[in-house]
Amino acid sequence: MKMADGSTILRRNRPGTKAKNFNGWPDEPFEEMDSTLAVQQYIQQQIRKEPSNIELILTPPESQDEGVWKYEHLRQFCMELNGLAVRLQGECLPENCTQMTATEQWIFLCAAHKTPKECPAIDYTRHTLDGAACLLNSNKYFPSRVSIKDSSVTKLGSVCRRVYRIFSHAYFHHRNIFDEFENETFLCRRFTHFITKYNLMSKDNLIVPIVEGDAVGSGESEA
Amino acid sequence: MKIPVPCGGTTMEESSPSQNLNGQIGPCGGGINTGIKQSDESNQRIQYSIPGILHFIQHEWARFEMERTQWELDRAELQARIAFLQGERKGQENLKNDLVRRIKMLEYALKQERAKYHKLKYGTDLNQGDMKHPGFEEAVPETNTESEAPFSSVSNFTWKQGRQMLRQYLQEIGYTDTIIDVRSNRVRTLLGLNNNEEGPGSGGVNGNETGNKRASDSQGRRTPAKKAQPSNLVEAMMLDTEAAVMANFEFLSGADVDMEDEDGLEDDIDESGEVSDETIRPSSAAKRKANKALMLHEADDVDAEAEEVLNELNLLTQAEVPGGMTQGDPQDWIISTGSGAYSADSSKRGGGDDQVDSTLGLGELAQLTVNNEAEPAYDLPTTKESLRKTWSAKYTLRSHFDGVRALAFHPADPVLITASEDHTLKLWNLHKTVPAKKSASLDVEPLYTFRGHTGPVLCLTMSSSGEQCYSAATDGAIHAWAIPSFPLDPYDSYESSVLATKLTGHTDSVWRLVCHPQREHLLSSSADGTLKLWSTRTNSLVHTYSSEQDGIPTSCDFVRDESDKMVAAFTSGHCVVFDLETGKPVTRLESTQDIAVPEVGRHIYRAVCHPLLPITMTAHEDRHIRFYDNNTGEAVHSMVAHLDAVTSLAVDPNGLYLLSGSHDCSIRLWNLDSKTCVQEITAHRKKFDESIFDVAFHPTRPFIASAGADGLAKVLRLDPMLAPSQ
Ligand SMILES: [Zn+2]
Ligand SMILES: [Zn+2]
């Protein structure tokens with residue numbers, strides 16, 4: 001349909017596009033997005049614009065269904081956490097990190113198996129992300145990306161809890177990796193803010209002290 | 001043949017010639033023991049006796065004879081099967097024809113309704129020049145090429161306008177989201193209609209007795225449909241129906257416009273026009289005799305008929321509500337709608353599945369009319385034909401968080417790897433499935449997730465051995481992965497050895513990777529302006545290629561019919577054939593004409609080489625697929641292939657079919673011989689303005705797959721019912 005008039009912008013990454021121009025198209029207003037993936041498009045567009053502007057990224061468009069909003073954000077978090085997992089793969093070896101721990105208080109059991117298992121930290125990380133990918137793409141719980149059943153929305157909390165442990169392990173055991181990743185993506189800050197805003201985890205479990213950035217500070221106090 | 005069988009039978013079957021010799025000495029069966037005793041000594045130095053040799057020959061001859069009869073039996077069986085399949089295909093064809101007929105009929109009814117409405121409102125006749133009741137055209141010859149297709153008629157101004165309005169309306173209510181549902185619903189409705197009144201006309205038109213001989217039984221049942229419907233209900237139905245017709249005619253209408261500049265394709269349109277004339281006939285066939293006199297009062301009669309058609313539709317949609325027509329219980333459906341020829345056929349084989357499959361396939365079939373009708377070899381029962389129309393959606397692979405950019409099949413196993421913008425690759429075993437809720441397709445969960453890239457993964461290729469795969473992302477590094485061996489537990493512990501090595505050299509996004517089918521070579525094309533050839537044995541760089549005048553490479557492929565060449569596509573819109581050893585350009589594949597929008601329009605998304613012929617095929621932003629001769633560099637064919645940019649191409653291993661994917665959300669299968677579309681499937685949804693990134697044929701199994709911006713990969717399988725092996 002859009003082919004008809006040449007003036008329309010086609011938001012495409014054509015083969016041959018340079019990395020710096022990838023997704024480098026002008027913003028599309030949310031009202032004009034007519035795709036079933038509009039919320040994902042919008043979130044990614046906001047992140048690309050300024051990854052540190054957490055307040056803006058987490059502000060839903062008007063009259064946006066909250067279940068879908070939370071769901072799409074969690075998808076985005078799990079996706080970006082791949083980046084942390086890739087970095088951890090190089091350093092978090094099963095010989096050194098035999099268990100998933102953050103502070104020495106708890107050992108986390110990996111829930112991806114039939115009976116929860118004491119997986120090494122790197123396996124815990126991978127299994128948790130794989131499990132989250134399966135759950136969040138499950139035809140049973142999330143058949144649509146436009147509307148989500150309340151019963152499925154409750155599943156998001158447990159995903160958040162498990163996924164958060166990846167941040168905490170990285171922070172307490174691989175601080176250099178964590179910092180490097182965080183400086184680039186602001187992901188842990190955004191995630192903490194997200195969780196507090198939508199009350200997806202008990203605040204006691206948020207053990208990674210986050211830098212009181214400008215955007216984050218306001219979010220913390222309000223929650 | 002008769003003599004040796006009882007004697008030789010089992011004992012001799014596996015014995016060596018020397019033992020046969022011995023067996024011959026004693027009387028049949030009983031003497032074997034003594035023979036074997038002797039043989040212990042005589043075996044050492046093999047003694048040939050004339051009777052022994054004779055017996056052996058006799059025995060061998062008997063064996064061959066037996067085998068021959070066996071083969072003959074097999075042959076007869078296979079021939080029977082071929083005949084059966086051919087009959088079935090004809091049945092399918094009739095079904096399709098009939099469906100198309102229904103569509104035209106509806107279209108006609110719509111026009112009548114519109115005329116009536118117009119008349120009521122404005123009191124004048126609507127000027128629809130080409131609107132003729134097809135019932136009058138009993139003498140329309142098959143070769144009539146002058147009659148205009150109603151939907152392409154220029155004079156039909158209001159019709160076009162109305163369509164435009166409808167389109168806008170559809171867009172407003174969320175066209176992209178609803179259209180798929182509307183389509184499938186409507187097609188189901190149409191099919192119901194079709195089964196209900198598999199008219200005698202279809203038998204006449206196609207001359208196929210087996211297909212339709214039972215159809216007339218059900219003919220009588222349809223006429224007494226409730227006639228007195230409240231008019232607003234009819235009007236509501238109108239809208240609905242129009243939506244359905246529009247949905248199904250998206251392709252046709254697109255084709256109209258597209259093909260106008262294509263030489264030699266006008267025939268298609270004409271022929272389809274002819275079809276539309278024929279098609280309405282059967283609907284009135286039953287009543288024609290009685291009404292012949294009344295036919296002159298066109299408006300009244302036509303109104304009644306339109307109403308009847310709409311009532312029928314109505315009836316069917318109502319029936320659909322209690323779920324009688326859901327795919328779940330096709331058996332009920334067959335009974336309740338009377339046994340059309342096709343359902344009778346399929347129930348014979350207990351084939352609830354067949355019914356469902358045909359239901360699913362028809363949405364596409366309906367859209368194929370233009371091309372199919374034009375095909376001259378339409379009725380020739382060649383083996384190629386079995387590929388036609390029979391790919392059906394099998395698996396939806398959902399696990400990626402973002403668009404799937406590339407996919408590659410394992411050379412032998414039913415295994416697929418997908419590469420995504422979510423930075424990961426995932427490995428899927430198509431035979432490890434879990435049944436999905438309330439849908440015909442099965443869910444597959446990934447068996448392994450490859451993590452290593454730090455940017456969107458853009459391309460992927462698998463080595464011909466199936467032991468390695470290579471992927472590359474926006475960071476320019478090519479990752480070589482050792483494919484983990486099967487069986488796999490998705491929640492196994494991490495093996496860092498899976499990421500075997502990285503090939504570094506490119507300084508920007510790598511957009512295309514191709515493994516050489518025979519040699520241990522890998523070809524890459526990157527946004528840094530170069531193409532590189534790598535040795536996959538030593539994991540080292542062999543050669544670098546570039547073309548200053550053509551800009552940045554967008555795609556590449558090894559030339560298949562010659563071992564030392566490759567073809568690369570550039571942002572200039574041209575392809576260049578390079579000599580791999582010297583690195584020199586050999587031929588330029590330039591398309592001199594017919595590129596509409598020069599800058600973006602000529603952008604080549606994908607260039608692939610034919611597996612056997614010196615032909616390169618390119619997929620363009622301007623909706624074209626172009627074919628070039630590698631030796632002369634000339635464009636040998638060019639066609640509008642989709643409604644939007646063509647993004648991906650794949651050729652089947654035998655070089656007979658081409659699969660294309662497009663940002664218009666559909667994949668299309670093309671017969672490379674006739675360059676006609678044999679199947680169209682709507683596969684993915686849009687994210688921004690992108691939809692489908694990649695398509696692939698399995699090298700050895702009947703699978704095809706598509707990768708979408710919606711984060712899904714879809715696998716289609718050749719309908720097992722029609723596959724040669726069953
Ligand atoms: Zn660790
Ligand atoms: Zn685990």
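The shown structure was predicted, so the numbers you read here are calculated from the model rather than taken from an experiment. Just the heavy atoms: all of them, side chains too, but no hydrogens, waters or symmetry mates, feed the values below. In what follows, chains are A, B, ... by sequence order, proteins preceding strands, each numbered from 1.
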Portion of [X] that has a non-hydrogen atom of chain B nearer than 4.5 angstrom:
| X | result |
| --- | --- |
| A:Cys110 | neither |
| A:Asn21 | neither |
| A:Ala112 | both |
| A:His113 | side chain |
| A:Arg145 | side chain |

Residue part contacting chain A, namely of B:Leu712, when any heavy atom lies under 4.5 Å: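 For B:Leu712, no heavy atom lies under 4.5 Å from chain A.
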Heavy-atom contact with chain A under 4.5 Å, split by part of B:Arg512: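 Neither; nothing under 4.5 Å.
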Side chain to side chain, A:Gln76 and B:Phe401, heavy atoms closer than 4.5 Å: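 The answer is no; the side chains never approach within 4.5 Å.
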Check: A:Trp25 ring centroid to B:Phe688 ring centroid under 6.0 Å: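 For A:Trp25 and B:Phe688, the ring centres are under 6.0 Å apart.
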Six-ring centre of B:Tyr448, A:Arg126 cation under 6.0 angstrom, axis tolerance 45°: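 The answer is yes, since A:Arg126 meets both limits relative to B:Tyr448.
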Ring geometry between A:Phe167 and A:Phe178 (parallel below 30°, tilted from 30 to 60°, perpendicular above 60°):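 Perpendicular.
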Candidates B:Asp508, B:Ile552, B:Leu531 - the one meeting side chain to side chain contact (heavy atoms under 4.5 Å, CB included) with B:Ser526: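 Among B:Asp508, B:Ile552, B:Leu531, the one meeting side chain to side chain contact (heavy atoms under 4.5 Å, CB included) with B:Ser526 is B:Asp508.
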